[in-house]
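Here is the structure we will look at, set down as structure tokens.
Just so it is clear: chains get the letters A, B, ... in the order the sequence lines come, proteins before strands, and each one is counted from 1.
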Amino acid sequence: MKKYQFDLIVDSCRNVSVDTFLLKLTCPEGLPEVNPGQFAEFMVEGSAKTFLRRPISIHDTDMVRNTVSFLIRKVGAGTEQLSKLKPGDSVNVLLPLGNGFDCTSLRSRYPLLAGGGVGVAPLYLLGKYFASHGISPTFLFGGRTVSNLLRLEDFEKLGKVYATTDDGSFGERGVVTDHHVLQNENFDVIYACGPTPMLKAVAGYALRNGVACQVSLEHMMACGIGACLCCVEKTRKGNLCVCKDGPVFSIEELLWQI
Amino acid sequence: MADLKTTIGGLVMSNPVMTASGTFGYGVEYADFMDISRLGAVIVKGTTNKAREGNPYPRMAETPSGMLNAVGLQNKGVDYFVEHIYPMVHTLGCQTIVNVSGSSIDDYMETASALNRLEGIPAIELNISCPNVKEGGMAFGVKAESVFAVVSAVRKVYLKTLIVKLSPNVTDITEMARAAESAGADAVSLINTLLGMAIDAESRKPLLSTVTGGLSGPAVKPVALRMVWQTYKAVRIPVIGIGGICSASDAIEFMLAGASAIEIGTANFIDPSVSVKVIDGISAYLDRHGYSSVKQIIGALEC
């Protein structure tokens, strides 16, 4: 897929939780096709502590209005600076990067989309893909507490949403792999994005139950296009770049001890 | 419009702007963002005689105005390059220079002689300055005798333009440059990364799997500029300037300090089309100052 460098215009930037915001950008040149699970690299202006671009999952697209949205958690100086963008501001972005989730060749009829914390971000576009193909996806989200569960009402428009929280403030108490829905339902593919311990737990469940599973990894990156070889993950094919060969991998490609 | 044509030994380039090894893949990675045929040359990733896995993740840490890397020369080896990558880069319409690394003099010679047979590769850059591999690499670049030994050995088997990339992690870089020159190098390029380190205070752990790594980006530019200026005065062969170049003005400063050409590295990660902006900016500068050729600004520093 061709990659682009665009100056995108901020349409809106609003908080969705105490530490997370939704950034919607307009692409005046026309938004290119994006696969669910692909990401963008943001140039961060005006932050002395931020030198490199910031890789951020694509959350949603609107091909008619030429807008692309990002659900971003403020984790450091770069994302903090991006949260201050105002409508009309310009931001330099490379996109679409990476491979994205495999939603065609796996032919899933009963997919589970599992997300931890802000890891739900790319699952929205993936859920939209399934919904638009007549398949109702099931979402299973985990968070430390209720305020870590993001945009639940919007996900509910696409499919059934289940949740767990560590403190029991919403949904079932525990982690996503403890949820009863995994005992009661037979999903044919699991797509997951979130912190590594959560991904490994989900991958372990998938392996034990013989379910295909794709995970989206988050590694520190520089270039975002497979040139610098900084963001590697050890796989059966050797060190692969998360930015170019990922961020989505099938669990059997990985060398995880699960 | 001023003439941007640049010559390094037998290597003739349309302009003095190259992309630095390890920051531009094989060129093709950047083809969506810019017309790579406009570059003076693309210097491809460090290539060794045998495939190398590189160092474990994490290999990168962001630092003020720069970054540390500890990639460790991950590459598929020279045979893979010759069979699979060369036929592809050959069609991209830009000159390709291969960066060559190794753990022993025999390694360097083996890789260099394999590349000498490739008609479409007009030059190699000998990397005797990689700080991220356990044996070889930088070890060859920090003593004048070993610089001389490896460069003269490679000179015997490599007949085209031989550029030697120097390490800044030395007391006096001009000694290394002179050793490379007397061993038959056609040019020296400098600087490779500065050995550095980053720590996460909260976890009390290093940020790189290898603890130390190579610092690059605008943070190193003043050091690089000084070393280029010193080296320019110490040798007769062309000097290629590298170190934190992000703009045409940065590139021009290196040329004023004595660089015949420049390499853009880390800046490619921030702006993948930066190198064409630098080419256009150099051209505009020359016109604005009434120069007819880019050669006129080489070493034109007034002091």
Side-chain angles (χ1 to χ4, degrees), chain A residues 1-7 32 40-45 47-55 75-79 91-98 196 217-246 254-256, chain B residues 19-34 42 44-46 51-76 132 198 207-209 213-219 244 246 265-274:
Chain A
M1 276 171 92
K2 186 171 160 59
K3 301 179 274 291
Y4 297 84
Q5 180 173 20
F6 286 131
D7 286 317
E41 278 258 60
F42 278 68
M43 180 104 92
V44 182
E45 308 266 13
S47 164
K49 284 188 177 167
T50 310
F51 174 65
L52 297 166
R53 284 179 182 262
R54 292 295 184 267
V75 291
T79 43
V91 55
N92 190 270
V93 168
L94 311 180
L95 89 188
L97 306 181
T196 306
L217 304 187
E218 181 182 46
H219 278 16
M220 275 183 298
M221 288 176 191
C223 71
I225 57 173
C228 70
L229 312 183
C230 287
C231 63
V232 290
E233 171 72 19
K234 246 185 174 9
T235 73
R236 295 195 188 283
K237 292 183 202 150
N239 281 324
L240 293 182
C241 287
V242 168
C243 70
K244 178 170 157 265
D245 307 302
L254 303 174
L255 301 176
W256 285 357
Chain B
T19 52
S21 174
T23 67
F24 210 69
Y26 293 100
V28 64
E29 289 86 345
Y30 285 82
D32 282 349
F33 300 107
M34 56 173 275
V42 170
V44 303
K45 180 74 194 159
R52 288 183 65 102
E53 268 285 281
N55 293 319
Y57 180 85
R59 297 173 165 187
M60 188 274 287
E62 188 178 40
T63 61
S65 293
M67 63 180 276
L68 289 161
N69 91 80
V71 171
L73 296 173
Q74 179 181 327
N75 79 102
K76 292 185 170 166
N132 294 323
L207 288 177
L208 297 174
S209 68
L215 180 66
S216 64
C246 294
T266 306
N268 293 310
F269 305 153
I270 317 298
D271 179 358
S273 56
V274 64

* To do: State which residues pass ring-ring contact (aromatic ring centres under 6.0 Å, His included) with B:Phe269; sequence neighbours excluded, sorted by chain then number.
  => none
* To do: Please state whether the side chain, the backbone, both or neither of B:Thr63 comes within less than 4.5 Å of a heavy atom of chain A.
  => backbone
* To do: Rounded to the nearest 0.5 Å, what's the gap from CE on B:Met60 to SG on A:Cys223? Could you check?
  => 9.5 Å
* Contact class of A:Lys49 relative to chain B, heavy atoms under 4.5 angstrom -> backbone
* Report yes or no: do B:Ser209 and B:Asn55 form a side-chain donor-acceptor pair below 3.5 Å? => no
* Asked: What part of A:Met220 lies closer than 4.5 angstrom to a heavy atom of chain B: side chain, backbone, both or neither?
  -> both
* Asked: Counting only heavy atoms not in B:Glu29, do more than 12 sit closer than 6.0 Å to its CD atom?
  -> yes
* With a 4.5 Å cut-off on heavy-atom pairs, point out which of B:Pro58, B:Ser65, B:Gly217 contacts chain A the most. => B:Ser65
* Asked: Looking at CE of A:Met221 and CG of A:Leu52, how far apart are the two atoms once the value is rounded to the nearest 0.5 Å?
  -> 12.0 Å
* Contacting moiety of B:Asp271, where chain A heavy atoms sit under 4.5 Å -> both
